[in-house]
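Notes to accompany the following structure.
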Amino acid sequence: MSAAAEPPATEASSGRGALRRNLPPARRFLAGRKRVLVILGGWSLLESAQTFLGGYCLAQALDRGFLAGQTGTGLLWLAVAAASVLGAGPPMRGVFAQLAELTEPLRDALVRRAVRQALRRAVTDPARTDDRSDTAAVSRLTHQTEIVRDSFAGLVLTVRAFVFNAAGALIGLLALAPELLLVVLPPLVLGIALFLATLLPMASAQRSFLDADEAVAEGVGAVSAGHRDLVACGAQTGAAERTGRLVDAAERTSRVLARWAALRTVALGVAGQLPVLLLLVATPWLLRQGVTTGALAGALTYLLQALLPALHSMMTALGAAGTRLLVVVDRFQDATAPPVPPKAPDRAADAGLPRGRRPSRAAVPSVEVRAVTHAYGPDSPPVLEHLSLTVRRGEHIAVVGPSGIGKSTLAGVVSGLVAPDDGTVLLGGEPVAGRTAQDLADRRVLIPQQAYVFTGSVRENLLHLRPDATSGELTHAVRTLGAGPLVHRLGGPDAVLDPRALSHGERQLLALCRAYLSRAPLVLLDEATCHLDPVAEARAERAFAERAFGDGARARDGALIVVAHRLSSARRADRVLVLDGTTPRFGTHEELLTSSALYRDLFGHWEHPPPPAGR
């Protein structure tokens with residue numbers, strides 16, 4: 001949310017949208033535990049029998065016993081009521097045993113989902129997590145999973161108690177005198193309806209409150225981590241103002257939440273207190289209708305000892321724990337999970353060819369960039385402008401140009417991580433736009449300059465993109481990329497890896513091995529070897545170039561695109577793309593020395609670097 005103001009309520013963030021998103025997985029979760037629900041309902045039925053006997057036995061003890069002069073009969077009825085109370089222990093023990101069978105699997109599932117979200121976010125945006133922890137992910141993994149477990153457990157207990165206690169009490173009222181229902185039911189139904197009407201708005205308010213709470217936590221964490229820089233730059237005032245706006249937004253959301261809580265209290269008064277008041281006011285009319293004194297006492301017992309306490313607990317749980325549960329569970333909905341893949345377009349129809357006369361796969365380039373334009377803002381000049389590029393299958397391409405000219409942007413556009421403002425990108429003849437994350441991962445692998453490794457074993461790091469690779473394939477990749485000495489020094493494939501103990505070059509070498517094992521045919525190295533020495537860099541590029549010519553699924557659309565860090569990378573490539581911000585040039589190394597002044601300048605700079613300062 002904005003640091004300055006609350007966001008407007010939308011379908012995506014409203015309680016109604018959250019309910020719509022979470023109902024299907026909730027049904028699937030409960031449908032897979034039908035046996036637990038049946039057993040839980042059986043124990044609850046015994047509890048409702050105890051509720052029924054409590055009021056009914058008291059009414060009979062008065063009418064047939066004490067008021068009729070039959071003290072023994074009255075005591076016998078009271079003994080039956082006491083026995084029902086004492087017998088409530090085993091049903092409650094059975095209820096709690098089944099409750100654990102519902103709450104613990106839910107918590108475990110949310111923990112797994114939180115870990116998947118954090119890992120996917122770290123992989124897709126490693127710069128965001130470099131040297132900073134994902135505070136929202138930590139909150140979900142620790143605090144919010146416990147909120148879900150406790151809220152869900154309380155919700156199941158209280159809703160179950162209300163439903164079965166209400167069933168026992170209403171059946172008891174009907175058995176004592178049907179007229180009692182005419183007095184009790186209308187305010188009860190009205191209060192419950194009013195309460196239910198507040199649930200979804202309160203869920204939206206709860207979500208806004210959690211958004212503001214996370215924003216405060218992240219903002220304060222950022223200020224705390226950079227307080228030295230803030231002091232050094234004299235930026236304390238601006239940081240304090242931004243943090244103050246976050247706190248103010250959190251205060252506003254808490255006030256909105258408090259207003260809905262007040263309305264819930266009104267609903268509780270209507271459903272919880274009004275039936276008792278109406279029963280007392282209607283007592284003369286009820287006596288004229290033949291309702292006995294014992295029946296009135298039994299009705300008050302049902303209201304005060306069973307129905308109203310259960311109603312109060314249920315409304316409190318739904319109003320607080322229920323809305324909080326809905327909001328927090330909705331935050332675990334995996335927004336980064338791959339959507340349903342779109343239907344593949346008919347390439348023959350798109351090209352104006354009759355169906356059945358599609359071009360052969362050998363004629364389909366590995367990469368096609370068609371008139372792509374991209375800028376990092378509406379008022380910013382385009383980084384890429386009407387750029388077109390064709391990379392043939394099995395081809396090794398190098399991309400060169402001055403710093404900031406758009407080389408990494410091009411790699412992001414080709415890989416599908418950056419959506420161009422205009423133009424089309426095709427991988428193996430299929431458009432990148434609209435592809436799922438998994439589909440893109442099957443088609444290309446991008447290694448950026450900041451290589452990502454994580455805490456775990458060396459084997460887990462190397463097999464991250466292809467967990468089913470065999471030990472022989474892993475050994476071949478390590479040997480081919482020259483990473484054997486590094487793996488041996490780390491303690492072997494099963495040794496635990498500490499990313500902080502690795503140099504940038506060692507991280508890059510492990511990331512290259514991981515990419516080599518991937519099944520993706522297209523490999524993009526965005527200065528992914530800049531921290532390696534020239535010999536190791538050459539070995540890695542030759543390995544990936546040979547990989548693109550191999551047989552099997554990887555070579556189907558295989559190609560290698562290298563954002564060059566050294567001139568030697570351009571010399572090894574089949575063709576070189578020179579980005580100069582105006583008219584890109586594409587050709588062999590020898591052709592560009594003749595046709596591109598920028599490439600000649602780069603060649604001279606690389607071949608004859610300027611002397612160090614002071615000489």
Side-chain angles (χ1 to χ4, degrees), residues 41-96 157-192 268-315:
W43 287 116
S44 300
L45 277 176
L46 295 178
E47 187 177 351
S48 67
Q50 183 265 327
T51 301
F52 169 81
L53 290 174
Y56 188 81
C57 289
L58 177 62
Q60 299 306 317
L62 288 174
D63 290 337
R64 298 187 182 185
F66 303 118
L67 295 179
Q70 302 292 328
T71 304
T73 303
L75 292 175
L76 182 61
W77 279 106
L78 291 181
V80 173
S84 68
V85 173
L86 294 175
M92 286 304 298
R93 184 167 60 249
V95 165
F96 277 97
L157 282 177
T158 54
V159 172
R160 175 208 60 84
F162 172 74
V163 169
F164 287 94
N165 281 330
L170 294 177
I171 292 173
L173 290 172
L174 182 62
L176 293 176
E179 293 83 358
L180 295 171
L181 292 178
L182 297 177
V183 178
V184 172
L185 271 182
L188 181 65
V189 172
L190 176 62
I192 293 176
L268 178 61
V270 173
Q273 306 301 325
L274 195 56
V276 177
L277 179 61
L278 290 180
L279 184 63
L280 295 176
V281 171
T283 295
W285 176 78
L286 290 171
L287 291 175
R288 289 194 299 270
Q289 300 303 315
V291 178
T292 65
T293 303
L296 288 172
L300 284 173
T301 301
Y302 283 133
L303 289 177
L304 297 176
Q305 294 188 2
L307 189 58
L308 299 187
L311 176 65
H312 184 278
S313 299
M314 189 268 293
M315 283 190 171

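Numbers here are sequence positions counted from 1. What you see is a predicted model, and the numbers here were worked out from it, not measured in a lab.
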query = Excluding sequence neighbours, so at least two apart, what forms ring pair (Phe, Tyr, Trp, His ring centres under 6.0 Å) with Phe164?
reply = none
message = Is the shortest side-chain heavy-atom distance between Leu75 and Phe66 below 4.5 Å?
response = yes
remark   = Nearest heavy-atom contact between Leu303 and Pro309 is O-CD, 3.7 Å
request  = Look up atom CG in Leu278 and atom CG in Leu182, then write down how far apart they are to the nearest 0.5 Å.
outcome  = 12.0 Å
remark   = dist Phe52:CZ -> Asn165:CG (nearest 0.5 Å) comes out at 13.5 Å
Atom of Thr301, atom of Gly55 and distance for their closest heavy-atom approach = CG2-CA, 4.1 Å
message = According to side-chain hydrogen bond (donor to acceptor under 3.5 Å, both in side chains), does anything in residues 64-76 pair up with another residue at least two apart or in another chain? List the pairs.
response = Gln60-Arg64
query = Can you find a heavy atom in the side chain of Leu180 that is under 4.5 Å from one in the side chain of Tyr302?
reply = no
key: Minimum heavy-atom distance Ala61-Gly74, with the two atoms named   = CB-O, 3.5 Å
query = Are side-chain heavy atoms of Ile192 and Leu188 found at a separation under 4.5 Å?
reply = yes
Beyond-backbone contact of Leu174 with Leu170, side-chain heavy atoms, under 4.5 angstrom = no
request  = Supply the atom-to-atom distance Thr51 OG1 to Leu307 CG, rounded to the nearest 0.5 angstrom.
outcome  = 9.5 Å
Audit row: Leu296, Leu300, side chain to side chain contact (heavy atoms under 4.5 Å, CB included) steps and yes/no = CA-CA 6 Å; Leu296 288 172; Leu300 284 173; 5.8 Å; no
task = Apply side-chain contact (heavy atoms from CB on, under 4.5 Å) to Leu190 and list each qualifying residue two or more places apart in sequence or on a separate chain.
result = Val270
task = Can you measure from OG1 (Thr283) to CZ (Arg288) and round to the nearest 0.5 angstrom?
result = 10.5 Å
inquiry  = Could you tell me if the side chain of Thr292 sits less than 4.5 Å from the side chain of Leu62, heavy atoms only?
reply    = no
